Amino acid sequence: MKEKTNIKVNYLYNLSYQIMNMIIPLITTPYISRVLGADRIGLYSYTLSIVTYFAIFINCGIPTYGQLVISKNRDDKEALSILFWELFTARLISGLVFTIIYILMVFSGTKDNQLFTVLYLNILAQIIDIVWFYQGIELFKKILLRNYIIKLSGLIMIFLFVKSPNDLLLYALIIQGSSFLGNLSLWFGLRKRIQKIDIRKINPFKHWRKSFTYFIPTVATSIYTVLDKSMLGWFTDTSFENGYYEQTHKIVLVVVTVVTSLSVVLMPRVAYLFLNNQMDEMKRKIETAIKFVLMLTVAMTSGLFGISKNLIPWFLGAGYDECIILLRIFSFIVVAIGLNNIVGMQCLTANGKQKQYNIGVIIGAIINFLMNLLLIPKFYSVGAAIASVLAEFSILLCFCWFSSGVIDYPKIFLSSWKYYVSGIVMLCVELLINSVLLPNVLSIAESIFIGCLVYFGLLIALRDSFVYHYFTVAIRRLVPNKKNID
């Protein structure tokens, strides 16, 4: 019972941390979309996409690899300390190398070099980031408090100081500076968790080969998460398309965060169970997680698609009509990403099948790149969104194929038909409501509330085993004398 509670608590802690990282940009999005405009936002998005490539190479797969090896050595403080310093040193060395390359690029006549200079804070934030350590020891609470204070301060500064399109550099400085200070704050609680180590015991180079296995899917993933924005900049003559794509993508990322947080906190536990050959317990946790993710993502997809017509003009303001179709396309990616994080990270990565995981991601990256080449020149941001959705679903198919010996996917997906039926009904209700209501916060809140009521109400009426169980538990707690609900 203790283990189950820990996973639930860690899920809520990590969910809170991830939502904080995404919700702050989401809070600022309506303001920034109006103050900076799609053109300046598009320039920021394109420039940040280039900077992100440097961050990816600096990380070199260490966040995922580090989380796994830390989780396996969390009971041995000396081994844990050696691993921490080796992994951080490896990241620091790669950070210095790519910093030199970055400086040469910025000062070799690159356009918008002032913006590139400010965005170097993003690279510094990656170098000092040690979230992977706290995730590995399943201490998610430690990540939160200081980051809340720092990033909320950044949020306030945006509203106080960013007033016109000319404040783009200031906006970038606030966003990236908050991220840097948030990562720096995690170091203050580290002394209690690790001990001093003789520097002669540290060998950072031995981890590069192993972490490179996790670096490959990171590079491949960047093709369909970052390259979309880069290619929009290459194939279009304006920054507006990148602005539309960026603002819509922010909305979807916040929704996706809710489900991906479960995978982050579950992976150390699944890796531990696999290492100790507790296969039945591991399989049970993975199947429950898949069911939970399906329940959430089907509702989220229906909700996003249904409210997009009213959400976009209210949230982003005038001039963002193209984001309506983008949000409807992106809504389907929520299901794919949610399941990919569970199936890929738990059934493959945590079970030592990183090679199969890499193959699946590379296939998705190739599909995304080819579809981008085909669709972006003709359909611009809409084409990039379609390519991303197709890539994620192709990855899901690969992951399911490679892990079919562990999980009975046909049984799970077919037995989840109640989610699909309830989702379709919810979508129809949402579309009907949003066709008659005006785009304001009250109507959107009403639409979301009614949609959730319809979705979960139908699941209770259909007696879905997953939802009905927790519904009956809640009723029994509210009405202690009620033994059964028939």
Side-chain angles (χ1 to χ4, degrees), residues 3-4 7-8 11 256 258-267 269-274 276-302 331-357 359-361 363-364 389-427 455-473 485:
E3 175 183 307
K4 190 178 294 185
I7 290 178
K8 289 178 180 178
Y11 170 65
V256 167
V258 176
V259 287
T260 56
S261 292
L262 176 63
S263 180
V264 172
V265 301
L266 189 62
M267 187 168 72
R269 180 69 61 190
V270 171
Y272 180 83
L273 293 172
F274 175 74
N276 289 275
N277 202 32
Q278 299 179 36
M279 304 305 291
D280 290 339
E281 178 67 7
M282 181 193 74
K283 182 178 178 181
R284 186 185 67 80
K285 288 190 179 298
I286 294 174
E287 289 179 346
T288 301
I290 292 174
K291 194 89 170 177
F292 177 72
V293 166
L294 266 175
M295 178 195 69
L296 285 182
T297 55
V298 169
M300 291 171 176
T301 295
S302 298
S331 66
F332 293 97
I333 210 171
V334 176
V335 175
I337 292 179
L339 291 174
N340 280 342
N341 271 267
I342 295 298
V343 177
M345 299 300 286
Q346 313 312 323
C347 295
L348 297 178
T349 296
N351 286 320
K353 296 183 178 181
Q354 188 63 34
K355 180 181 178 181
Q356 291 88 335
Y357 181 93
I359 292 172
V361 173
I363 289 173
V389 173
L390 292 176
E392 287 291 350
F393 275 101
S394 66
I395 292 171
L396 178 59
L397 288 174
C398 291
F399 285 173
C400 289
W401 174 266
F402 288 134
S403 59
S404 57
V406 178
I407 303 296
D408 187 355
Y409 293 108
K411 180 181 177 181
I412 292 177
F413 292 137
L414 289 174
S415 66
S416 301
W417 64 269
K418 296 172 184 177
Y419 301 146
Y420 316 141
V421 171
S422 299
I424 292 171
V425 175
M426 177 186 176
L427 174 59
Y455 182 76
F456 289 103
L458 275 173
L459 289 179
I460 293 170
L462 292 170
R463 296 205 173 193
D464 172 71
S465 58
F466 196 81
V467 176
Y468 193 75
H469 166 73
Y470 287 100
F471 173 71
T472 54
V473 168
I485 298 188

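Positions are given from 1 along the sequence. Since this is a predicted model, take the numbers as computed values, not measurements.
Rounding to the nearest 0.5 Å places OH of Y419 at 9.0 Å from CG of L296. Taken from CD1 in I342 to OG1 in T297, the straight-line distance is 10.0 Å, to the nearest 0.5 Å. If you take CD1 on I337 and CG on L396, they are separated by 11.0 Å, rounding to the nearest 0.5 Å. The CG atom of L339 sits 12.5 Å away from atom CD1 of I395, with the distance rounded to the nearest 0.5 Å.
Here the side chains of F413 and Y420 are in contact, with some heavy-atom distance below 4.5 Å. Between S416 and K291 there is a side-chain heavy-atom pair separated by less than 4.5 Å. Side-chain contact between I412 and D408 is absent, with no heavy-atom pair separated by less than 4.5 Å. Residues M300 and S331 fail the side-chain proximity criterion, which asks for heavy atoms closer than 4.5 Å. Put simply, the side chain of F332 does not reach to within 4.5 Å of the side chain of E392, judged on heavy atoms. Using a 4.5 Å cut-off on side-chain heavy atoms (C-beta onward), Y409 and I290 make contact. The shortest side-chain heavy-atom distance between W401 and Q356 does not fall under the 4.5 Å cut-off. Residues V361 and F399 meet the side-chain proximity criterion, which asks for heavy atoms closer than 4.5 Å.
Annotation for S403 and L348: closest pair CB-CD2, 4.0 Å, computed over non-hydrogen atoms. Scanning both residues, K418 and R463, for their nearest heavy atoms gives NZ-O, 3.5 Å.
Although no hydrogens or angles enter the test, the distance criterion places no donor-acceptor pair under 3.5 Å between the side chain of S302 and the main chain of A299.
With sequence neighbours excluded, the residues forming a side-chain contact (heavy atoms from CB on, under 4.5 Å) with S422 are Y455, L458, L459, L462, listed by chain and number. Remark: I363 pairs with I359, I367, C398 by the side-chain contact (heavy atoms from CB on, under 4.5 Å) rule, at least two apart or across chains. In this structure S394 satisfies the side-chain hydrogen bond (donor to acceptor under 3.5 Å, both in side chains) test with no other residue, sequence neighbours excluded.
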